[in-house]
Amino acid sequence: MRNKKIFLLFVLVVLIFAIGTIIFLAREINKKPVLEELEPKKINKEEVQKSENEEIKSSKLLLESKYLVNFGFVKGDDKDYLFAVYFKDKKSYIQLNDEVFGPYDELIGPIFSENGSKYGWQYKKDNEYYVRVNDETFGPYKEAGGFSIAKDGSKYSWWYVKNREFYVRVNDKIYGPYLYASEMGTWDSGIPTFYFTTSPDGSKFAFAYAKAEKENWKYYVRVEDKIYGPYYYFSFINFNISFSNDGSRYGWRFQKYGVDDYYFVQINDKIYGPYDFASAPFFSPNGLNYGWAYLKNNKRYIRVNDKVFGPYDFDVEYLVLSNANKKFGVVYRIQKDNYYVYYARLDNKIYGPYNIIYNFILSNNGSRFALIYELNGDYYLKIDDQTYKLYGPPPENVSIFSLSDDGLNDKWFYKKDNKSYVMINNKTFEIDGDLIKFHSSDDGLLSALIYKRDDNEYLWLNGRIYGPYDRADFIFTKNKEVYIIYVEKETIGVKKIL
């Protein structure tokens with residue numbers, strides 16, 4: 001009888017344990033993911049957690065100075081770089097992994113190629129300029145600037161002045177000499193006679209220069225190994241060589257030698273004109289579409305690729321071009337009494353008048369738009385037919401990171417009533433602090449932001465929060481990894497968190 005009672009008691013205990021396990025598992029299965037409820041979801045301190053990932057690199061970079069200027073991490077193909085830029089005794093220093101460089105009187109950089117194969121910076125020391133690329137130092141120069149490294153590391157370039165002449169260095173090749181301003185006789189020495197630029201990805205370089213020919217000044221543009229000109233006149237103060245993001249297209253406006261009353265526009269090897277006046281060319285982000293505004297026979301027109309639109313009765317401020325469909329938007333102004341009012345135009349719809357238009361953005365195919373503007377002392381964000389009143393002016397109070405064609409993958413930030421919000425893939429998040437940085441992966445599946453609260457910085461990554469840190473930053477790699485770079489007391493470190 002006693003054994004039977006013990007057996008029944010044992011069965012009862014097992015039964016209770018089994019029921020408890022089933023209830024626990026059911027609760028776990030029905031738990032909602034972090035990103036489920038968002039109307040808007042508040043990013044706050046209750047969600048803060050420390051990363052449990054293994055720390056792959058940490059170095060004490062702040063032991064000698066509390067004045068940190070910049071810091072970061074580059075995940076290279078062959079070598080990784082953790083760096084810090086700081087002030088000490090009124091001088092600038094760079095610490096790159098375990099090496100310290102400096103002191104410098106002035107410092108620009110460092111910059112890196114995406115694969116980490118090339119890195120460098122420009123600096124001034126003892127009133128002379130230098131450029132360092134990897135382990136090699138170039139200089140001294142009287143002046144130097146425009147230091148650039150291509151994203152793929154294939155090219156680095158800058159301009160410099162030596163013996164009162166301009167030169168350009170691209171990798172191991174030197175171009176020049178070219179005339180320095182004061183060598184141009186009657187020209188005022190404050191007027192520049194040389195202009196240098198690179199495409200946003202650093203893959204292409206270009207420069208404009210002046211040359212004395214038979215008692216006349218003529219002007220030329222060099223893009224890589226192609227030379228264009230001679231031109232009669234450049235306003236070097238306002239001169240601009242425009243590039244598409246990938247460097248595949250480039251262009252500028254000019255006046256021909258001997259035809260000084262007319263303007264022309266050059267796009268790669270093709271010349272358009274003559275015009276009574278023309279704007280500089282504009283490009284779509286992918287470089288496939290290009291356009292400019294011009295005046296001809298006292299009528300105003302806009303040209304996009306090979307199609308002409310107009311005439312119009314307004315002065316164009318700038319064009320916005322979509323990547324697809326050759327769609328374009330126009331920001332223009334009209335004089336009213338003693339001041340100007342501004343409008344935005346897309347297709348046949350006109351928006352305005354506004355006191356100022358800060359930004360006008362189109363989605364990839366031009367089907368959607370965003371406007372940031374000021375009206376009667378207040379600031380607004382307009383996305384299609386929805387308008388948001390902002391807490392203050394841009395960029396501190398609003399930024400558009402991306403605008404999708406279907407509206408499902410928009411990413412933007414705005415402040416309203418002193419509260420900060422981020423829209424990510426059609427879901428709104430309230431930030432418990434001030435936004436410092438936002439970035440999304442190319443496929444839109446990963447989004448991360450840095451925000452500041454109570455003198456501490458936090459990283460938010462797809463619903464998870466890491467911190468607090470004294471300072472924080474992050475990078476996405478081409479392999480879809482995410483690294484957080486942080487400053488904590490006297491240490492700068494980096495961790496892989498995805």
Side-chain angles (χ1 to χ4, degrees), residues 51-63 68-86 92-102 104 107-123 130-139 146-158 169-173 198-205 224 245-247 437 439-443 445-446 448 450 459 461 466 471-488 491-498:
S51 169
E52 296 178 357
N53 293 72
E54 180 185 0
E55 186 174 317
I56 62 167
K57 185 183 288 290
S58 180
S59 182
K60 293 184 178 180
L61 305 179
L62 299 182
L63 289 175
L68 180 66
V69 178
N70 189 20
F71 65 99
F73 175 69
V74 175
K75 179 67 178 173
D77 291 346
D78 300 318
K79 185 177 180 179
D80 302 338
Y81 295 95
L82 182 63
F83 70 88
V85 177
Y86 60 89
S92 296
Y93 294 81
I94 290 179
Q95 180 152 349
L96 189 62
N97 291 342
D98 297 325
E99 290 187 83
V100 176
F101 301 88
Y104 304 132
L107 175 64
I108 299 175
I111 56 177
F112 296 81
S113 62
E114 289 184 345
N115 59 15
S117 64
K118 287 286 186 297
Y119 62 88
W121 54 89
Q122 176 187 316
Y123 65 91
Y130 300 82
V131 174
R132 184 182 179 98
V133 180
N134 289 20
D135 296 328
E136 192 170 1
T137 299
F138 301 88
F147 179 48
S148 173
I149 294 179
K151 287 184 177 181
D152 63 3
S154 63
K155 186 175 292 180
Y156 53 88
S157 58
W158 65 90
R169 183 173 190 122
V170 181
N171 293 356
D172 293 329
K173 191 169 184 179
T198 59
S199 58
D201 66 352
S203 65
K204 295 281 195 309
F205 73 92
E224 298 287 305
N245 286 345
D246 63 358
K437 176 182 177 179
H439 187 67
S440 182
S441 60
D442 292 338
D443 58 14
L445 299 178
L446 286 176
I450 299 290
L459 166 68
L461 174 66
Y466 302 85
R471 299 269 298 272
D473 198 358
F474 63 89
I475 63 165
F476 290 175
T477 72
K478 60 185 178 183
N479 297 324
K480 298 184 179 180
E481 299 170 326
V482 182
Y483 291 83
I484 180 172
I485 310 100
Y486 63 89
V487 179
E488 208 167 33
T491 300
I492 294 181
V494 58
K495 295 177 183 179
K496 179 181 176 182
I497 57 175
L498 189 65

Straight-line distance of Leu107 CG to Gln122 CD, nearest 0.5 Å: 9.0 Å
In terms of heavy-atom contacts, does CG of Asp78 have more than 12 from other residues, nucleotides or ligands at under 6.0 Å? no
In this structure, CG of Leu96 is separated from OH of Tyr119 (nearest 0.5 Å) by 5.5 Å
Parallel, tilted or perpendicular: which describes the rings of Tyr86 and Tyr93, with under 30° parallel and over 60° perpendicular? parallel
Minimum heavy-atom distance between Gly202 and Ala150, given as atom pair plus value: O-CB, 3.4 Å
Compare every heavy atom of Lys155 with every heavy atom of Asn171, then report the nearest pair and how far apart it is. OD1-CA, 3.3 Å
Measuring only between side-chain heavy atoms, which start at C-beta, is Tyr486 closer than 4.5 Å to Tyr466? no
So, does Glu114 use its side chain to make a donor-acceptor pair with the main chain of Gly116 at under 3.5 Å? no
Taking only residues two or more places apart in sequence or in another chain, which ones pass side-chain hydrogen bond (donor to acceptor under 3.5 Å, both in side chains) with Lys118? none
Under the 3.5 angstrom rule, does the side chain of Thr198 hit a backbone N or O of Lys204 as a donor-acceptor pair? no
Taking all atoms of both residues into account, what is the closest heavy-atom pair of Ala84 and Leu68, and its distance? CB-CD1, 3.9 Å
Can you sort out the partners of Phe71 under ring pair (Phe, Tyr, Trp, His ring centres under 6.0 Å), two or more places apart, ordered by chain and number? none
Hits for side-chain hydrogen bond (donor to acceptor under 3.5 Å, both in side chains) against Asp473, two or more places apart or cross-chain, chain-then-number order -> Lys437
Can you tell me if Ser203 and Asp201 form a side-chain donor-acceptor pair at under 3.5 Å? yes
Out of curiosity, Lys151 NZ to Asp246 CG, how far, rounded to the nearest 0.5 Å? 9.5 Å
What is the distance from atom CZ of Phe112 to atom OH of Tyr81, rounded to the nearest 0.5 Å? 7.5 Å
CA sep, side-chain torsions, deciding dist, call: Asn115, Ser113, side-chain hydrogen bond (donor to acceptor under 3.5 Å, both in side chains): CA-CA 5 Å; Asn115 59 15; Ser113 62; 2.8 Å; yes
Name all residues meeting the side-chain hydrogen bond (donor to acceptor under 3.5 Å, both in side chains) criterion together with Lys79; count only those two or more places apart in sequence or in a different chain, and write none if there are none. none
Rounded distance [0.5 Å steps], OG in Ser199 versus CG in Asn245: 9.0 Å
Going through the checks in order, is the side-chain contact (heavy atoms from CB on, under 4.5 Å) test met by Phe147 and Val133? CA-CA 10 Å; Phe147 179 48; Val133 180; 4.0 Å; yes
Just by modelled atom types, is the Lys75 backbone N or O under 3.5 Å from a matching donor or acceptor in the Asp80 side chain? no
Partner residues of Tyr156 under the ring pair (Phe, Tyr, Trp, His ring centres under 6.0 Å) criterion, sequence neighbours left out: none
Side chains of Tyr483 and Glu481: donor-acceptor distance under 3.5 Å anywhere? yes
Are the side chains of Leu461 and Ile484 in contact, using a 4.5 Å heavy-atom criterion? no
Could you walk me through whether Glu224 and Phe205 pass side-chain contact (heavy atoms from CB on, under 4.5 Å), step by step? CA-CA 6 Å; Glu224 298 287 305; Phe205 73 92; 3.0 Å; yes
Restricting to side-chain hydrogen bond (donor to acceptor under 3.5 Å, both in side chains), what partner residues turn up for Tyr104, sequence neighbours left out? Trp121
Shortest non-hydrogen contact from Gly120 to Ile149? N-CD1, 3.9 Å
Judged by atom type as modelled, is there a donor-acceptor pair below 3.5 Å linking the side chain of Asn97 to the main-chain atoms of Leu82? yes
Nearest heavy-atom contact between Phe474 and Ala448 is CZ-O, 3.5 Å
Does the plane of the ring in Tyr130 sit parallel, tilted or perpendicular to the ring in Tyr123? Use 30° and 60° as the thresholds. parallel
Main chain of Gly109, side chain of Asn70: is a donor-acceptor contact present, judged purely on distance under 3.5 Å? no
